[in-house]
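Okay, structure first, notes after.
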Amino acid sequence: MRSKYRLGVDAGGTFTDFVLAENDGNIRVFKSPSTPEDGTIAIHHGLGQIAEALNKPVSQIVQECDLCINGTTVALNALIEKKGVKVGLLCSTGHEDSIEIRLGHKEEGYRYEADFPPAHMIVPRHLRRGIDGRFLADGTEYSPLNEQQIREAAAYFKEQQVESVAISFLWAVRNPAHERRAKELIEQLLPGIFVCTGSEVYPQIREYSRTSTTVVNAYLSPVMRRYVERIDEYFRNLGAKYPVRYFQSNGGLAIGEAMQGRAVNAINSGPASAPQAGLYVARPFDIENVITVDMGGTSFDITLTKDSHTNLSKDIDFLRYRIGVPMIQVETLGAGGGSICQVDEFGMLQVGPESAGATPGPVCYGKGGTRPTVTDANLVLGYLNPDAVLGGTIRLNRDAAWQAVKKHVADPLGISVEKAAYGISTIVNLNMVNGIRRVSIERGYDPRDFALVCAGGAAGMHISSLAEEIGSRTVLVPKVASVFCAFGQIISDVRYNYLASEPMPIHREAELSLLNERFHELESQGTEHLLADGFQLGDISLSRSVEMRYQGQIHECPVELPGGEITPDTIDGLLEAFHRRHEELYTYSEPNNPVELVNIESTLTGKVSKPPAQQLAATGRTLADALMGHRPMLFDADGHWIETGVYSGERLDVGLEIMGPAVVEEPTTNIVVRPGWCLVLEANNCYRLTRLK
């Protein structure tokens, strides 16, 4: 760290989380209710809490920060709520409907459902304009660009008050000249509107993926630009010495300038930092296989890391839109503390995916919510302190939560309030377990081989139940669990992915000079970008990957490629790696069949210095010093209340063992230790829960 502090801000659906790392290793945690209408309001409130805790003006704290990092749900929320801008599309003539045909694809689970509604089209049919002009697969021009059609389209877009234009022509990845000229014309004819091209946003083969990605980017980028400009201005006015960094879906940081025109790279901005943080807390225990689960107020996010590597997804359907750019694989469920509980028309109890969000929030928050949520159920079960104050401002109301569960769940089902609350907890747990199984068992991983890393303000109350269901015997709950993604941001590096298509047969006699030249071009571009960002050459690292397939196949396999010159000898190793990876994915390989390379990718990383690791020393306190009292809690469906010990996490000493049942209360989260589990606070400021039976 270059300065006294490093600040991480993660804007979630219910709370905005703040992590302030000091250069002596101390970590401070703060929360403020999110303000979706203007993110700077929540940041202002959170910085006010920090200023009060440090007894310093906000401006001084910001000026003493070496990095202010922001993870945001702005792009994600705009996509979910369909609140992007009005977009026009220029595409190759005859391909106006490719984004609606969607390769004839239906989402898994709905393939044979005739009544399943079509995806909402970001660009309506009348705003898609076909443009004559064509390049061939080898990059040669087949027919010239029809500029008059572009002018006519621009006039129509202006009449329709289009705010953004996406341009995606066939084979622009091989020759982007037509796209560049079309962009130039649109910018001249429609000054001030946002324009992006497929060859810039996603320069790889697959016309539908490229067009869809470009359209989504055009839809969200003006929204992201306004947000970034507002955040950047806010911190500049406070005297920030360094530009604000924003978290990308690929697990790395980027400056605001890079994010303004690439909103598609920020769709999973928040949860993408969780794997980095999960590995950080697991490393002192020599654990390389972790499943990180993050349960906040609105959602439940799951990531899996095997052998210290987290998978990136490419060319996937996200919220029914095809996204081609690399994203950390995140399984997201509508299962948060704010998930609403109700009895449906069939008399079945449902939990989520609808959420009470930040406003009005759970009933117990006293902000106008009337329908019970998971948080209300946890309060009824005794897992939460009825006198607790959340986020520094919200005092819980147990009576209101009890009455809401009674009215909306217990009475309609004809059961006690206790059983209704426990049923809510059980159902949300099973929903989360099903999500964990999708990222593990359904992808060939045994969850018993993984430790669970607990993140999010609500996860601590459910984590041991989840571990029991999946068979995991080790759970790690860092002290910063409630602000885990914000913590992951402050320990992450700057990262950019550079993509290209280079279709060619791959063998020892292949034209490798062209491949080397293309990689060098991408990496020179990335290095120049990072050098301009203030990094030294020694701080920059790169990794390469390629996508390959057997000739005649449709889908490719990603394969890691060593850096340096590509030679016939490295090609042998690359082919062996491809055959091996193909067999891992599809159970067979064909070593005697010809192989072709399709896409290439270089990832350049600017290494950011990490805050020093925090180490705790034993002080000689006993469990009695941390015990705050007892309160009745419910751990089964039989309604047997157990007087359960409640411990203060701030007074708990390193190495002391707490046997379940118990609850450890931290300022921003509670950890429920179920019967049969043991909890220990380790020296790295992380709780380790171990199953005893």
> Just wondering, more than 12 heavy atoms not from K86 lying within 6.0 Å of its NZ?
Replying inline: yes
>> Please enumerate all residues that pass ring pair (Phe, Tyr, Trp, His ring centres under 6.0 Å) together with Y496, with sequence neighbours excluded.
In response: H529
> Below 4.5 Å, heavy atoms only, C-beta onward: do L90 and R128 meet side chain to side chain?
Replying inline: no
>> Y280: which residues meet the ring pair (Phe, Tyr, Trp, His ring centres under 6.0 Å) condition with it, sequence neighbours left out?
In response: F487
> Taking the side chain from T16 and the backbone from P33, do they hold a donor-acceptor pair closer than 3.5 Å?
Replying inline: no
>> My understanding is that only residues two or more places apart in sequence, or in another chain, count here; which of them pass side chain to side chain donor-acceptor pair (under 3.5 Å) with S164?
In response: none
> If you take all heavy atoms of R495 and Q248, which pair is closest and at what distance?
Replying inline: O-NE2, 2.6 Å
> So, does Q276 use its side chain to make a donor-acceptor pair with the main chain of S273 at under 3.5 Å?
Replying inline: no
> For N431, what residues pass the side chain to side chain donor-acceptor pair (under 3.5 Å) criterion, not counting sequence neighbours?
Replying inline: none
>> Under the criterion side-chain hydrogen bond (donor to acceptor under 3.5 Å, both in side chains), I'd like the reasoning laid out for Q489 against S492: C-alpha separation, chi angles, the key distance, then a yes or no.
In response: CA-CA 5 Å; Q489 292 164 13; S492 295; over 6 Å; no
>> Please enumerate all residues that pass side chain to side chain contact (heavy atoms under 4.5 Å, CB included) together with D38, with sequence neighbours excluded.
In response: T40, I41, R230
Scan the side chains in residues 323-330 for donor-acceptor partners under 3.5 Å anywhere in the protein, sequence neighbours excluded, and list what turns up.
| from | atom 1 | to | atom 2 | distance (Å) |
| --- | --- | --- | --- | --- |
| Q329 | OE1 | R443 | NH1 | 3.0 |
| Q329 | NE2 | S313 | OG | 3.2 |

> Quick one: does E179's side chain have a donor or acceptor within less than 3.5 Å of a partner on S199's backbone?
Replying inline: yes
>> Taking Y208's backbone N and O only, do any of them form a donor-acceptor pair with S212's side chain (distance below 3.5 Å, no angle check)?
In response: no
>> I'd like to know whether L190 forms a side chain to side chain contact (heavy atoms under 4.5 Å, CB included) with K158, so could you lay out the CA-CA distance, the side-chain angles of the two residues, the decisive distance to 0.1 Å, and finally the verdict.
In response: CA-CA 7 Å; L190 301 174; K158 183 176 182 180; 3.6 Å; yes
> Can you find a side-chain donor-acceptor pair between N497 and T603 that sits under 3.5 Å?
Replying inline: yes
>> Restricting to side chain to side chain donor-acceptor pair (under 3.5 Å), what partner residues turn up for Y687, sequence neighbours left out?
In response: K479, E666
>> So does I490 get a backbone contact from the side chain of R6, meaning a donor-acceptor N/O pair under 3.5 Å?
In response: yes
> Is there side-chain contact between N265 and S249, with at least one heavy-atom pair below 4.5 Å?
Replying inline: no
> Considering residues at least two apart in sequence or located in another chain, which fulfil the salt bridge (charged side-chain N to carboxylate O under 4.0 Å, His left out) criterion with R371?
Replying inline: E354
>> Would D232 and Y246 count as a side-chain hydrogen bond (donor to acceptor under 3.5 Å, both in side chains) here? Give the steps.
In response: CA-CA 10 Å; D232 283 353; Y246 296 85; 2.8 Å; yes
> salt bridge (charged side-chain N to carboxylate O under 4.0 Å, His left out): which pairs involve residues 213-223, sequence neighbours left out?
Replying inline: none
> In chain order, what residues pass the side chain to side chain contact (heavy atoms under 4.5 Å, CB included) check against T370, with sequence neighbours excluded?
Replying inline: none
> Is there side-chain contact between L384 and T375, with heavy atoms separated by less than 4.5 Å?
Replying inline: yes
> Sequence neighbours excluded, which residues qualify as side chain to side chain donor-acceptor pair (under 3.5 Å) partners of S339?
Replying inline: none
>> Under a 3.5 Å distance rule, please check whether N237 uses its side chain to pair with a backbone N or O of E233 as donor and acceptor.
In response: yes
Only pairs under 3.5 Å count here: list side-chain donor-acceptor contacts from residues 51-62, not counting sequence neighbours, and write none if there are none.
| from | atom 1 | to | atom 2 | distance (Å) |
| --- | --- | --- | --- | --- |
| K56 | NZ | Y5 | OH | 2.8 |
| K56 | NZ | E64 | OE1 | 3.2 |
| Q60 | NE2 | E64 | OE2 | 3.3 |

> So does Q161 have more than 12 non-hydrogen atoms from other groups sitting under 6.0 Å from CD?
Replying inline: no
> Below 4.0 angstrom, N of the basic side chain to O of the carboxylate: do K607 and D539 qualify?
Replying inline: no
> Salt bridge or not for K314 and E601, using N-O below 4.0 Å?
Replying inline: yes
>> Assess, by modelled atom type and distance only, whether the side chains of T214 and S168 contain a donor and an acceptor separated by less than 3.5 Å.
In response: no
> Do any N or O atoms from the side chain of S34 and from the backbone of A11 form a donor-acceptor pair under 3.5 angstrom?
Replying inline: no
> D17 side chain to A486 main-chain N or O, any donor-acceptor pair under 3.5 Å?
Replying inline: no
> Does the distance from a Lys or Arg side-chain N to an Asp or Glu carboxylate O, for K610 and D493, drop under 4.0 Å?
Replying inline: yes
> Does R320 reach the main-chain N or O of H120 with its side chain, forming a donor-acceptor pair under 3.5 Å?
Replying inline: no
